[in-house]
Amino acid sequence: MSLSDDLNPVQQEAVLETEGPLLVFAGAGSGKTRVLTYRIAYLVHEKRVPPWKILAVTFTNKAADEMKERVERLLGGSTKGAWISTFHSACVRILRRHIDHLGFKSNFVIYDEQDQDRHLKGIIKELGLDPKTFPPRKMLSAIDHLKNRGVSAEEYVPSEFNIFQKKLAQIYRLYQEDLRRNNALDFGDLLHFVTLLFRRFPEVLKFYQDLFHYVMVDEFQDTNLIQYELIRQIVNLHRNLCVVGDDDQSIYRWRGAEIGNILNFARDFPECKVITLEQNYRSTQNILQAANAMVSRNRFRKKKVLWTENPGGELLTFYTGEDEGDEARFVVKKIVEQCHPSPALTGLSETPDRVFRDIAVFYRINAQSRAIEDELVKNGIPYTIVGGMKFYERKEIKDVLAYLKWISNPSDGISLKRVINVPPRGIGEKTLEKIEALSREKGFSFYEGIRHALEERWFPPATHGKMEEFVRMMEELRKDREAFSLRQLTLAVLAQTGYLQRLKEEGTDEALSRVENIDELVNVITEFEQDGEGIPLESFLDKVSLMSDVDLYEDKKNRVSLMTLHCAKGLEFPIVFIIGIEEGVLPHHRRGEEIHDLEEERRLFYVGLTRAKERLFLSRAERRLTFGVGRVNPASRFLEELPEELIQYEIRREESRRHSSGEPEWSDSFWEEEKVVDMADAEIPLPAVDRIVLTPEGFMPLRIGMMVRHPKFGEGRVKAVEGMDENQKVIIFFQAVGSKRLKVRYANLEILE
DNA sequence: GTCTCTAACCTTTTT
DNA sequence: GGTTAGAGAC
């Protein structure tokens, strides 16, 4: 390790400034991780700080693992007990040790969003509230918000005149009570409880203050209030806190991230030193210039201008597709071109200079991946999706995990209720409700409730037998835990419960794919156990609960990567596509015109732009299917904010319409006439409609609310349009015969206005 | 209690 | 367009 060889002067300064608070503004691609890893290595190697006195927190496990790996490489050995982990896993580690202070047992389980949802629904029902006026998900996010601001159920004081708040207070209290009964914590609790622990038990706080002499926080712009408070509590003694972040890459405001944490850091730590890393090592001049121009439009930011010594590189390419299919064809055609350049196009190169793993496609929302996927499949290009429907969210996986969770913590009623009748055992909703009421009244966990009811012979005879059988089976599994390995335990669950057998009997394609997934889960568990540490069952469940989408991402396979812009943060690719540069998509219409929201959307775009090392392709579609309904989107306002001279517009041939079937999409005969034109020519006037309707003659502009005439039913008003293909239907209210749903193709409609 | 079919919701982003 | 929750039939 040689600081002067491996780091530029500013980076070196950030490494050497070890004492006291330090704020590092690290622009995209400026070597942020490098600084952090060298800093840790420097502390251990040069300043002889014992590794376990160092705490470094990140947001994803992937980032933590990467940091660990790089520190190990620098130190030529292990990280020897340095705490390098995510906020959440650090908190779990602390709570497993000290949570008894707060009246929980150390084998608590962590509820995910789905568990929370079920849990809260039960409470709303219990209170006799209408789920329509008090939607569980809205209540949940309100509770989460309170936790993120450090407000506990007992402390929350609702406004006396606000019915919503009053009910919220009631629900929040009951929700926490029930969690305690289940010995369970939700995501928000993990952080919140540690701050409570620190506040109420100074000796515990003292222990960690003494322990951590040096604290580092990565991606500081994404911390929320509670995370910041946690850090402040810990560093209050030694005050050796180094935070690294980039306000321009703050994209989690909607989840409570406080951009003020980084912008006002100097106010909380007046003695702090500020270092700004502005040299970019990742992107070409053109890419960087475009990104700079974009983000400089934001008003609420610390001014900085990234620069690079890299070559100018190629211009950004922009394509306007007819619809998302056309857009996808453009993307795939370009991918093929990059990976298999034909001699005619490149002049000389015979071998592809790019492989699939060099390429990533980013989008605003997950739903946009579909069109791209279809097109990639059609062309036999391997790809991987980061995020979206996750493995651990599949029903069968969650079922098996629920059994395991319960074995780990028999107080966990949510998991128990999930599987008590899976596969069907003749134990129904009503029985469960009775047990729940009984348990709540007596302060039992759900399982204790069942056992109590059995002893007292509360169940009707038929139910009694079934329940007895179930309890016997679960007790058996609980015993298995002592003697069995985690793998054996999982296999025992699958066999004893009849879960696997039931799926096999079903024999449908769906059931068989579930069996395959379960098979995969057993593989994962086996692997985990082999290089495992700690108690396998608990650590495995923790790992699964705290896993994020990006964590599953493996970059070793040679595949094109597809992901949302949010997932893209922290990654880089030689070639990047950003699709859907449209008003309503990016910026997304669910955000208002509020300046902070708009600026965050702009930052999101900025994050996407700065992931690219060499080439950047941007695109949009004039028409897009949302909810299976056609929609026309104008170009994003962000497009105009990119410097004109950095962009070349690629125009499409009119024939692309007939191209939806037949020949391979990228065949040279079709594309070779492409040319570069300027904006004026590329802009195609947009039809002023919000629904496009397909008729035998072609497209027909039909607006909702428009009056039309049908040959048989007479005059009517358009209420809705469904679909875009030849099966497209339209719902029309006719004065004569009422509402009708008609296939547009055959309806023979005539527009009246 | 179990299974099947319809209707509503959905899509912003996730540790 | 696709999934999922709730209603209705057996």
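Letters A, B, ... mirror the listed sequences (proteins, then strands); counts begin at 1.
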Answer yes or no: is there a side-chain heavy-atom contact under 4.5 Å between [X] and [Y]?
{"X": "A:Leu618", "Y": "A:Leu609", "answer": "yes"}
{"X": "A:Ile435", "Y": "A:Phe459", "answer": "yes"}
{"X": "A:Leu95", "Y": "A:Phe193", "answer": "yes"}

At under 4.0 Å, does any side-chain N or O of [X] touch on OP1 or OP2 of [N]?
{"X": "A:Asn421", "N": "B:dT2", "value": "yes"}
{"X": "A:Asn366", "N": "B:dT13", "value": "yes"}
{"X": "A:Thr463", "N": "B:dG1", "value": "no"}
{"X": "A:Arg502", "N": "B:dT2", "value": "no"}
{"X": "A:Thr564", "N": "B:dT14", "value": "yes"}
{"X": "A:His588", "N": "B:dT12", "value": "yes"}

If you check every side-chain atom of [X], which of [options] has the closest atom?
{"X": "A:Pro424", "options": "B:dT14, B:dT13, B:dT2", "result": "B:dT2"}
{"X": "A:Thr431", "options": "B:dT11, B:dG1, B:dT13", "result": "B:dG1"}
{"X": "A:Thr60", "options": "B:dT11, B:dT13, B:dT15", "result": "B:dT15"}

Would you kindly check whether a donor in the side chain of A:His88 faces an acceptor in the base of B:dT15, or vice versa, at under 3.5 angstrom?
-> yes
Is the aromatic ring centre of A:Phe87 closer than 5.5 Å to the centre of the six-membered base ring of B:dT15, with the two planes inclined by less than 30°?
-> no
May A:Tyr252 be described as stacking on the base of B:dT14, applying a 5.5 Å centroid limit and a 30° limit on plane angle?
-> no
Pair A:Glu258, A:Tyr228: side-chain N/O donor-acceptor within cut-off below 3.5 Å | no
First of A:Arg255 and A:Lys466 reached from the 5' end of DNA chain B, by closest nucleotide | A:Lys466
Could you pick out which residue, A:Glu600 or A:Arg425, lies toward the 5' side of DNA chain B when each is mapped onto its nearest nucleotide?
-> A:Arg425
Same-atom distance (C1') from C:dA5 to B:dT12, integer angstrom | 23 Å
Indicate, with a heavy-atom threshold strictly under 4.0 Å, whether A:Thr86 touches base, sugar-phosphate, or nothing.
-> nothing
Just call it for A:Arg137: base, sugar-phosphate, or nothing, with non-hydrogen atoms closer than 4.0 Å on any strand.
-> sugar-phosphate
Measure [atom1]/[X] against [atom2]/[N] and give the value in whole Å, please.
{"X": "A:Gln227", "N": "B:dT14", "atom1": "CD", "atom2": "C1'", "value": "12 Å"}
{"X": "A:Glu582", "N": "B:dT11", "atom1": "CD", "atom2": "C1'", "value": "15 Å"}
{"X": "A:Gln221", "N": "B:dT15", "atom1": "CD", "atom2": "P", "value": "15 Å"}
{"X": "A:Arg370", "N": "B:dC10", "atom1": "CZ", "atom2": "P", "value": "18 Å"}
{"X": "A:Leu604", "N": "B:dT12", "atom1": "CG", "atom2": "P", "value": "14 Å"}
{"X": "A:Glu113", "N": "C:dT4", "atom1": "CD", "atom2": "P", "value": "14 Å"}
{"X": "A:His566", "N": "B:dT11", "atom1": "NE2", "atom2": "P", "value": "15 Å"}
{"X": "A:Glu429", "N": "B:dG1", "atom1": "CD", "atom2": "P", "value": "9 Å"}

Is it true that A:Tyr252 and A:His566 have ring centroids separated by less than 6.0 Å?
-> yes
For A:Val331 and A:Ile372, run side-chain contact (heavy atoms from CB on, under 4.5 Å): C-alpha distance rounded to whole Å, both residues' side-chain angles, the deciding distance at 0.1 Å, then the answer.
-> CA-CA 8 Å; A:Val331 170; A:Ile372 304 288; 4.1 Å; yes
